[in-house]
K.L.:
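If you scroll down you'll find the structure; I have some questions about it.
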Amino acid sequence: MYEERPALLDGAVLWTRTLMTASRPDRPDRPDRPDRPGPPGSLDAPARLDLPDRPDRPVLPDGCMDLIWADGRLLVAGPDTRAYVPGETATRYAGIRFAPGEAPAILGVPAHELRDRRVALGTLWGEAEARRLGERIAEAPDPAAALEALALRTAARAPAPDPLLRAVVARLDAGRPVAETADAVGLGARQLHRRSLEAFGYGPKTLARILRLQRALTLVRAGLPYAEAAVRAGCADQAHLARETRALAGTTLSAYAAST
């Protein structure tokens with residue numbers, strides 16, 4: 001089951017996900033080790049029952065980075081440029097989805113170094129520290145709240161969010177052109193591109209495409225016809241939205257609508 005709410009950290013979202021699993025009945029030919037799963041696909045492998053969401057549902061690009069606790073391990077999900085299909089290795093998850101552009105200062109790593117990657121927090125903060133923090137969260141009565149507290153403490157020690165980057169996100173999310181956005185925030189095209197790589201993981205044109213797709217898919221989920229959703233989100237037409245959905249989400253509009 002997946003749930004989310006606004007986090008106490010400004011602009012962030014706190015989410016949790018639990019996958020329910022059920023093992024097959026004990027094998028009569030393996031009475032010695034009834035609880036030990038076999039390899040995937042074997043008769044004594046655990047049968048996973050995911051309620052209500054599917055474990056293979058792709059995570060779509062959204063301009064954000066996440067700090068994730070997964071059964072005691074801490075991970076960082078970098079900014080995606082394409083759909084990411086999870087390979088489940090845990091059953092309990094909690095995550096902080098930072099506002100676009102704000103995770104790098106908090107986590108201490110440029111976004112472009114983590115583009116399209118999932119890495120252990122230990123590679124950024126040191127294995128011993130990441131293990132200590134992961135164990136502390138696991139021991140907490142509410143791991144999600146403990147992860148949120150960690151994010152708040154870390155953000156309090158980090159530089160304040162850059163208002164210029166927030167202005168870039170706001171303008172691009174409103175559908176304003178990249179060149180106009182650069183002029184509005186007082187940056188040249190190359191400066192904006194460099195700042196965007198560090199903050200978002202990719203250039204402003206890619207960020208604008210991702211934010212536009214998210215706007216369109218939000219409208220699709222709300223029941224708007226594809227053509228209307230496309231135009232309202234800033235696409236030229238339905239065919240344009242269909243191409244962007246295929247390129248960035250790895251699926252078709254109809255398949256996406258059927259999965260929501």
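We count residues from 1, following the sequence as given. Everything quoted here is computed from the prediction, not taken from an experiment.
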K.L.:
At what distance, to the nearest 0.5 angstrom, does CD of E198 lie from NE2 of H193?
P.N.:
11.0 Å

K.L.:
Measure across A138 and G72 and return the closest heavy-atom pair with its distance rounded to 0.1 Å.
P.N.:
CB-CA, 4.4 Å

K.L.:
Quick check against the 3.5 Å criterion: does T181 have a side-chain atom that pairs as donor or acceptor with the backbone of P177?
P.N.:
yes

K.L.:
Between A94 and A144, which heavy-atom pair has the shortest distance, and what is it?
P.N.:
CB-CA, 3.8 Å

K.L.:
Whether the side chain of R82 engages the backbone of L248 through a donor-acceptor N/O pair (distance < 3.5 Å, no angle test) should be reported.
P.N.:
no

K.L.:
Do T251 and R246 have side-chain heavy atoms sitting under 4.5 Å apart?
P.N.:
no

K.L.:
Rounded to the nearest 0.5 Å, what separation is found between the CG atom of L187 and the OG atom of S196?
P.N.:
8.5 Å

K.L.:
Looking at R243 and D237, is any side-chain nitrogen of the basic one under 4.0 Å from a carboxylate oxygen of the acidic one?
P.N.:
no

K.L.:
Working to the nearest 0.5 angstrom, can you tell me the gap between M1 CE and T16 OG1?
P.N.:
7.0 Å

K.L.:
Taking only distance into account, with no hydrogens and no angle test, what donor-acceptor pairs under 3.5 Å do side-chain atoms of residues 222-230 form with protein atoms, sequence neighbours excluded?
P.N.:
none

K.L.:
Decide, yes or no, whether a salt bridge links R136 with E139 under the criterion of side-chain N to carboxylate O below 4.0 Å.
P.N.:
no

K.L.:
Determine yes or no for a side-chain-to-main-chain donor-acceptor pair under 3.5 angstrom, with R117 supplying the side chain and E113 the backbone.
P.N.:
yes

K.L.:
Inspect the surroundings of CZ in R73 and state if more than 12 heavy atoms from other residues, nucleotides or ligands are less than 6.0 Å away.
P.N.:
no

K.L.:
Is Q214 reaching over with its side chain to a backbone N or O of P61, donor-acceptor style, under 3.5 angstrom?
P.N.:
yes

K.L.:
Do the side chains of D10 and P161 get nearer than 4.5 Å, heavy atoms only?
P.N.:
no

K.L.:
Check whether any side-chain heavy atom of P79 sits under 4.5 Å from a side-chain heavy atom of Y202, and report yes or no.
P.N.:
yes

K.L.:
How far apart are the C-alpha atoms of V85 and V59, what are their side-chain angles, what is the distance that settles it, and do they pass the side-chain contact (heavy atoms from CB on, under 4.5 Å) test?
P.N.:
CA-CA 6 Å; V85 179; V59 178; over 6 Å; no

K.L.:
Distance-only, no hydrogens or angles: does the D71 side chain make a donor-acceptor pair with backbone N or O of T91 under 3.5 Å?
P.N.:
yes

K.L.:
Looking at CZ of R171 and CG of L211, how far apart are the two atoms once the value is rounded to the nearest 0.5 Å?
P.N.:
14.0 Å

K.L.:
Would R17 and E3 pass as an ion pair if we require N to O under 4.0 Å?
P.N.:
no

K.L.:
Is it true that atom CZ of R153 has more than 12 heavy atoms of other residues, nucleotides or ligands lying nearer than 6.0 Å?
P.N.:
yes

K.L.:
So, do F200 and V169 sit near enough that their side-chain heavy atoms are less than 4.5 Å apart?
P.N.:
yes

K.L.:
For E102 and R166, what are the C-alpha separation, side-chain angles and deciding distance, and is it a side-chain contact (heavy atoms from CB on, under 4.5 Å)?
P.N.:
CA-CA 9 Å; E102 300 194 3; R166 287 187 168 185; 2.5 Å; yes

K.L.:
Might you work through the side chain to side chain donor-acceptor pair (under 3.5 Å) test for T218 and R221, ending with a clear yes or no?
P.N.:
CA-CA 5 Å; T218 297; R221 291 195 301 272; 3.2 Å; yes

K.L.:
What residues join V109 in its hydrophobic cluster, counting side-chain heavy atom gaps under 4.5 Å, either direct or through other members?
P.N.:
L8, L9, L14, M65, L67, W69, L74, V76, I96, F98, I106, L107, L114, V119, L121, L124, W125, L133, I137, L147, L150, L152

K.L.:
For the OH atom of Y93 and the OH atom of Y2, what is their distance to the nearest 0.5 Å?
P.N.:
13.5 Å

K.L.:
Locate the shortest heavy-atom distance separating A158 from A105; write the atom from each residue and the value.
P.N.:
CB-O, 3.5 Å

K.L.:
Look only at the side chain of D116 and the backbone of T81, and say whether a donor-acceptor pair between them is shorter than 3.5 Å.
P.N.:
yes

K.L.:
Testing the basics here: between A146 and A140, what is the closest heavy-atom pair and its distance to 0.1 Å?
P.N.:
CB-CB, 3.7 Å

K.L.:
Heavy atoms only: give me the nearest L60-A83 pair and the separation to one decimal.
P.N.:
CD2-CB, 4.0 Å

K.L.:
Within 45 degrees of the ring normal and closer than 6.0 Å to the centroid, is that where the cationic atom of R118 sits relative to Y84?
P.N.:
yes

K.L.:
Between CG of L192 and CG of L197, what distance do you get to the nearest 0.5 Å?
P.N.:
9.5 Å

K.L.:
Over all heavy atoms of both residues, which pair between V231 and A236 is shortest? Give the atoms and the distance, please.
P.N.:
CG2-O, 4.3 Å

K.L.:
Apply side chain to side chain donor-acceptor pair (under 3.5 Å) to E244 and list each qualifying residue two or more places apart in sequence or on a separate chain.
P.N.:
R209, R212

K.L.:
Would R115 and D80 pass as an ion pair if we require N to O under 4.0 Å?
P.N.:
no

